[in-house]
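Structure, as structure tokens:
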Amino acid sequence: MQKICVRQALAGQTGFHTSSDLAPLGHLLPQGEKGLSRRALLASSLALAACGQTEAAPTLAATPLKSIAPFPIGTAAMAGQFDDPAWVDLALTHVSQLTPEWEMKMEYILDRPGRYRWDAPDRIADFCTAHELRLHGHALIWYSQGADQFAGLDRPAFITGFDDYIAAVASRYRGRVVGWDVVNEAVAEDGNGLRDCHWSAVLGQDGYIARAFELAKSADPDAILFLNDYNLENNPTKGATFLRLVERLLKAGVPVGGLGTQSHLDIEIPAGQTTAFIREAAAFGLPIHVSELDASLRSDGRIDTRSRQTRLNQQTARVAELAEAFVALPAAQRYGFTVWGLRDTDSWLRRDARDDGKDSPLLFDASGRPNPMFGAVSAALS
Ligand code: XIL
């Protein structure tokens, strides 16, 4: 029962008004890092009390995140998930925004230049309309897709295909998406410079990025246009390179309208590193999107002496830090806080060959019950 209680505790369930009579329970809390925020401890102690006081306490429903967040809470979504009532119930309870996980990407939409497939992305857009959810478009141009579809084209045909694709997709969803990840993962893996790819080979590294933003702006002038990337908190070198790219593009008049940090968090990074990146990114005054949050517990082949509880404590501490840094942004810069899936078993990480079947990188477990990560986010939002 205690274990279930701890899970409920960390799910941010509060039913009490003060923590003073709960302080003695504090020692029951997982020994998080010093960085575990006061709010997370409060949320946990309050809920532990719920368990302590009524052993037969029913499982309290987790407080809907979208009801306590003063900004959109999002999740990645695939059209097939709309046929899973449990997923739909969890999504409509907690989130106010969807990001297509893969069906609005070039790999799904584009067969060959000029030949498109719209069924799934249209279904996702229709689901958002039907349920009054915001839709965030992901992703127009990505280094990892399109090489096959554009293979063998001469330069004029390549450029025409590039331009036509962005125009076709961005105009089709004009007025339906709030924003687009216009260019995804432009910075090199190690953070030293930008990636070389089939797009940069023809149009140049800054060239393809600038062209994509200008084309997207023309096709959908009202969408917020994001540059999106990963490991920006995990790798300060990469974060710095990303921000230098943003500065260069803005100085060149490229219509970058927002910054997306995917936040596939490495739970081993030191406290403070995440906050530092978010603060530096915020200095541009643009909307910030935590666009793909997950926080794997996996060791990925490393000899790992950490207990599962230690990893959960690291995870909740890093996620709490990210959520608190996001909450601290000016309201106009809080575009959205998006997790890359709802339940652990929805995660792309659980479909990865390295999956150990035990990873818990998201807000909810396979049954839709709040994970400790939910409590960390809930406490930070509260
Ligand atoms: C991933 C999806 O989750 C997978 O289902 C798909 O097979 C590959 O792409 N960064 C991104 C996302 O911007 O689009 C990726 O999503 C995860 C990494």
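One-based numbering, in listed order, for ligands and for the atoms of each.
Those atoms of ligand 1 with a heavy atom of H138 less than 4.0 angstrom away are 11 (C), 12 (C), 13 (O), 14 (O). Numbered from 1 in the order shown, with element, the atoms of ligand 1 that lie under 4.0 Å from a heavy atom of N184 read 11 (C), 13 (O).
A cation-pi arrangement is absent between K238 and F277 under the rule of less than 6.0 angstrom and at most 45 degrees off the ring axis. Relative to the six-membered ring of F162, R211 misses at least one condition, a distance below 6.0 Å or an angle of at most 45° to the axis. A cation-pi geometry, defined here as NZ or CZ lying under 6.0 Å from the six-membered ring centre and within 45° of its normal, holds between R134 and Y335.
Within the structure, the closest approach of E185 to ligand 1 falls below 4.0 Å when heavy atoms are considered.
Between N184 and Y143, the side chains place no donor N or O within less than 3.5 Å of an acceptor N or O (distance only, hydrogens not considered). Checking S263 against E233 by side-chain atom types alone, a donor-acceptor pair falls below 3.5 Å. With no hydrogens or angles considered, a side-chain donor-acceptor pair links Q205 and D196 at under 3.5 Å.
Contacts between W340 and ligand 1, counted as non-hydrogen atom pairs separated by less than 4.0 Å, involve the side chain only.
Among all protein heavy atoms, the one lying closest to atom 11 (C) of ligand 1 is E292 OE1, 3.0 Å. The nearest protein atom to atom 7 (O) of ligand 1, hydrogens excluded, is given as E107 OE2, 4.8 Å; this is a heavy-atom distance.
Residue Q262 places at least one N or O, backbone or side chain, under 3.5 Å from an N or O of ligand 1.
Between atom 9 (O) of ligand 1 and the options E101, K105, R351, the minimum heavy-atom separation is to K105.
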